[in-house]
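What follows is one structure encoded as structure tokens, with my remarks underneath.
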Amino acid sequence: MSIKNEFQVHDYLSQLNKSQHEAVVNSHGASLIIAGAGSGKTRVLTYRIAHLLEKGVKPSQILALTFTNKAAREMKLRIATIVGDDVAKYLWMGTFHSIFARILRMEAKKIHYPSSFTIYDTTDSKSLIKSILKEMKLPDKVYKPGDILGRISSAKNDLITPNAYARDVNRMTADKAAQKPMVYEIYTRYMRHCFKSGVMDFDDLLLNTNILFRDNPETLLNYQNRFQYILVDEYQDTNLSQYRIIKKLAEKHHNICVVGDDAQSIYSFRGAKIENILNFRNDYPGYQLFKLEQNYRSTQTIVEAANSIIANNKGQIHKRVFSEKPVGSPIKVLKAYSDVEEGYLIANEVKEQILKQNCSYKDFAILYRTNAQSRIFEEAFLKRNFPYRIYGGQSFYQRKEIKDLLAYFRVVINPNDQESIKRIVNYPARGIGNTTMEKLEAQAIAEDKSIWGVLTTSPLATLNSGTQKKLSGFIQLMLRFMMKVTELNAYDLAVEVVTESGILKELHQDKSVESQGRIENIEELINAIKEFTSNKIEAGESPSLVHFLEEVSLLTDQDTNNDQDDNRITMMTIHSAKGLEFKNVYIVGVEEGLFPSPMSSDTEKQIEEERRLFYVAITRAEDTATISFAKSRYKYGEIKFSSPSRFIGEIDQKFLDISGIDLSSDSSTLAGIPTNRQSFNSPKFQRRESASQPKFNISNQSTSPVNFNFNQIGSKLIPGTRVLHDRFGQGTIISMIGNDNDKKAIIAFDNTGEKQLLLKFAKLKILN
DNA sequence: AACGCATATTTGAGT
DNA sequence: AATATGCGTT
């Protein structure tokens, strides 16, 4: 058999150390693999699956669950290089959400859902909660949609249905104490609405899987038989809902392998239970334990420093992570007086390291606690023309024009999706306004139908004939699309929707740069659909829009265009850096009040999670790690002062290089770093700091910009002129439009694309 | 229905 | 600070 030869060619077992080898070949029964940071976890998982396949297990009998789509894709790819794509493609490998969405679609009838159910993202859910609040006449000042969604989400992750919620004393009293006694009622209506609309949110995908298996023993049995081997990655970050699904599926064969690291559990805020990994031994008493303790990623200094941090946590699974790589350089600690200076210092460091180490931009990562911190570094790098990529924040699929188009698709597939209908009914403008929609919604509630149901089956007596005509035009338009769902593939239908709906026309009429960008985004989406369609046709799978939507709803921007070979500095939150590695890592904003986050500083448990997050951050580094903090930073437009994070003091000082810190300012501590839990919030301390704030001249001498007053020398701004903008960096003027006070320049910026700027406000500088 | 101005909210991480 | 929401005006 050709598979055998493939294995011999790769000779994968010889690439493993002893404990990795054990973890790969002992593939029967229950296994717990504790994988320290950088210990070759992915390699072990990959080879374990390859090994199973070699032993004759069919790929379709293996279920492998990962945390992100990206992890699944990469692992599948690696397995494919060993066993071939024709085998690997039959593996059930993906995130919990995508795998069980797939199963739920097949089994939808059994839980009384349409198999064409659509998936709501957080924005959709919040907007639904808003309309429920309106319906219940509750103030959204008290019942903040985000908060309520969080309560609902937490209930779902704990498998608490609305009925159980009402009986849950803890939740009910907490709601009452928070002056929000109606959460239970909102939850009930939210669930009912989703069910009637044929819609699931992220948590529903897991909750409904539990319900499916609970109420349909024969279906459960079917999947228990199918999945002879189950593997779960990042087990420490599974929630109760996920845990129960796995437990049930593995009940028959007990061939369950979970991989994780309790020291890297960082998602309890969204319901993950670290207990799942800690209690594995109780769930499967005959389990085998494998510990991967050798770190192949980082220098000894980094590994030891990380160990000294995590030693502050209690109740861990004992392990001794070590490295046999060189000792490496100490962890540099940088102090900045302001957030802006922090950006400047880090940019300097990057430049210096690039020259010293002979490495390039892609070897650097800036990791922060909150997405909002990215801006400072974006500005610092733009000024110096450093290429970078920011991950997270607003993703492609969250952009307005993309959501609009996707809403069309969703309505075509599932016309009962009310939030989507509301989104598109008057986009492009059709003269169907709020009043009309409110009447329709009221009627829908009264007749217990969806809005679409009202539109297509009820007499619209309360509306005047003009409005009725407009609505009928919309209905006819959507019906035309719906009739073509099965006949056309995703691409052809998408093209038809963009043109027939008038979206494209609308955007073309608006000549602004913004709508230019929107058209480009729409084109990008259409291209993605084209690629999806041809891939599916090639693979002999269905290229319908239904399947495209399925894939897209569970995608994040982490999963899209990840060109490894383009040479940029990476900027992301520590959460999204989990699982990644970089030669040089900069952990920024390591301050009290930011990291640990004030929202996670109430209990020691929360602090421990923040500490694990810090551990994750440090262990991303291969060669060097740098920590920085700023004494002051802007928050909500106000200057806030802060002191270095307690976590810096928790690192064994012998691993730190604090020469970058000005010792003069605070003598009572080691370079201003509290070595125990003291803080520096005394007014005296703060006043002194604010008075001594230095002004830094950040302008780059080599491109020395000339200050410029547009009224006098505006005529110098002609197409082709190179200019510098504070925020967007360098660019070339494409054209000038407007007159006098409204004069604008259309500028193609090197890093951020085309922008249209009003000269009155844009502080442009001409470059020589 | 589009626009302009005032006020509120965000900055807690992501499937 | 930047963006979102809301209300009143055209």
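Sequence lines set the chain letters: A, B, ... in the order given, protein chains first and strands last, and positions in each chain run from 1.
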With a non-hydrogen cut-off below 4.0 angstrom, is [X] in contact with a base, only sugar-phosphate, or nothing?
X: A/E609; answer: nothing
X: A/T122; answer: base
X: A/K640; answer: nothing
X: A/D121; answer: nothing
X: A/I432; answer: sugar-phosphate

Any sub-3.5 Å donor-acceptor pair from [X]'s side-chain atoms to [Y]'s backbone N or O?
X: A/S632; Y: A/Y337; value: yes
X: A/R105; Y: A/F117; value: yes
X: A/D233; Y: A/L65; value: no

Residue [X], side-chain atoms from C-beta onward, closest of [options]:
X: A/H575; options: C/dT5, B/dA13, B/dA1; result: B/dA13
X: A/A429; options: B/dA13, B/dA2, B/dG14; result: B/dA2
X: A/T573; options: B/dG12, C/dT5, B/dG14; result: B/dG14

Using whole Å, report how far [atom1] of [X] lies from [atom2] of [N].
X: A/R633; N: C/dA2; atom1: CZ; atom2: P; result: 16 Å
X: A/K134; N: C/dG6; atom1: NZ; atom2: C1'; result: 12 Å
X: A/K126; N: B/dG14; atom1: NZ; atom2: P; result: 13 Å
X: A/D201; N: B/dG14; atom1: CG; atom2: P; result: 18 Å
X: A/L205; N: B/dG14; atom1: CG; atom2: C1'; result: 14 Å
X: A/D203; N: B/dG14; atom1: CG; atom2: C1'; result: 11 Å
X: A/Y267; N: B/dG12; atom1: OH; atom2: P; result: 16 Å
X: A/K578; N: B/dA13; atom1: NZ; atom2: P; result: 16 Å

(message) Here's a test of your reading of the structure: between A/R430 and A/P598, which maps to the more 5' nucleotide of DNA chain B?
(response)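 Checking each residue's closest nucleotide, the 5'-ward one belongs to A/R430.
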(message) With a cut-off of less than 4.0 Å, is there a side-chain N or O of A/N426 near OP1 or OP2 of B/dA1?
(response) yes
(message) Does a side-chain N or O of A/S597 approach OP1 or OP2 of B/dA13 to a distance below 4.0 Å, or not?
(response)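 For B/dA13, neither OP1 nor OP2 has a side-chain N or O of A/S597 closer than 4.0 Å.
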(request) Kindly determine whether A/S642 and A/E592 satisfy side chain to side chain donor-acceptor pair (under 3.5 Å), including the steps that lead there. (result) CA-CA 6 Å; A/S642 46; A/E592 287 296 310; over 6 Å; no
(message) Could you go through A/D237 and A/K578, starting from their C-alpha distance and side-chain angles, then the distance that decides it, and tell me whether this counts as salt bridge (Lys or Arg N to Asp or Glu O under 4.0 Å)?
(response) CA-CA 12 Å; A/D237 283 327; A/K578 186 166 81 157; 2.2 Å; yes
(message) Distance criterion of 3.5 Å, no angle test: do you see the side chain of A/E610 paired donor-to-acceptor with the base of B/dG12?
(response) yes
(message) Checking A/E378 against A/Y388 for the side chain to side chain donor-acceptor pair (under 3.5 Å) test, could you report, in this order, the C-alpha distance in whole Å, the side-chain angles of both residues, the deciding distance, and whether it holds?
(response) CA-CA 8 Å; A/E378 176 167 28; A/Y388 61 85; 2.9 Å; yes
(request) Check whether any side-chain heavy atom of A/L477 lies under 4.5 Å from a side-chain heavy atom of A/R430, and answer yes or no. (result) yes
So which protein N/O to nucleotides 6-11 of chain B N/O distances come out below 3.5 Å?
none

(request) Could you measure between the two P atoms, the one in C/dA4 and the one in B/dA13, and give it in whole Å? (result)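 Taking atom P in both C/dA4 and B/dA13, they lie 16 Å apart.
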(message) I'd like to know if A/R633 pairs up with A/E342 as an ion pair, taking the criterion as any Lys NZ or Arg NE/NH1/NH2 lying under 4.0 Å from an Asp or Glu carboxylate oxygen.
(response)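 Yes, A/R633 and A/E342 are salt-bridged.
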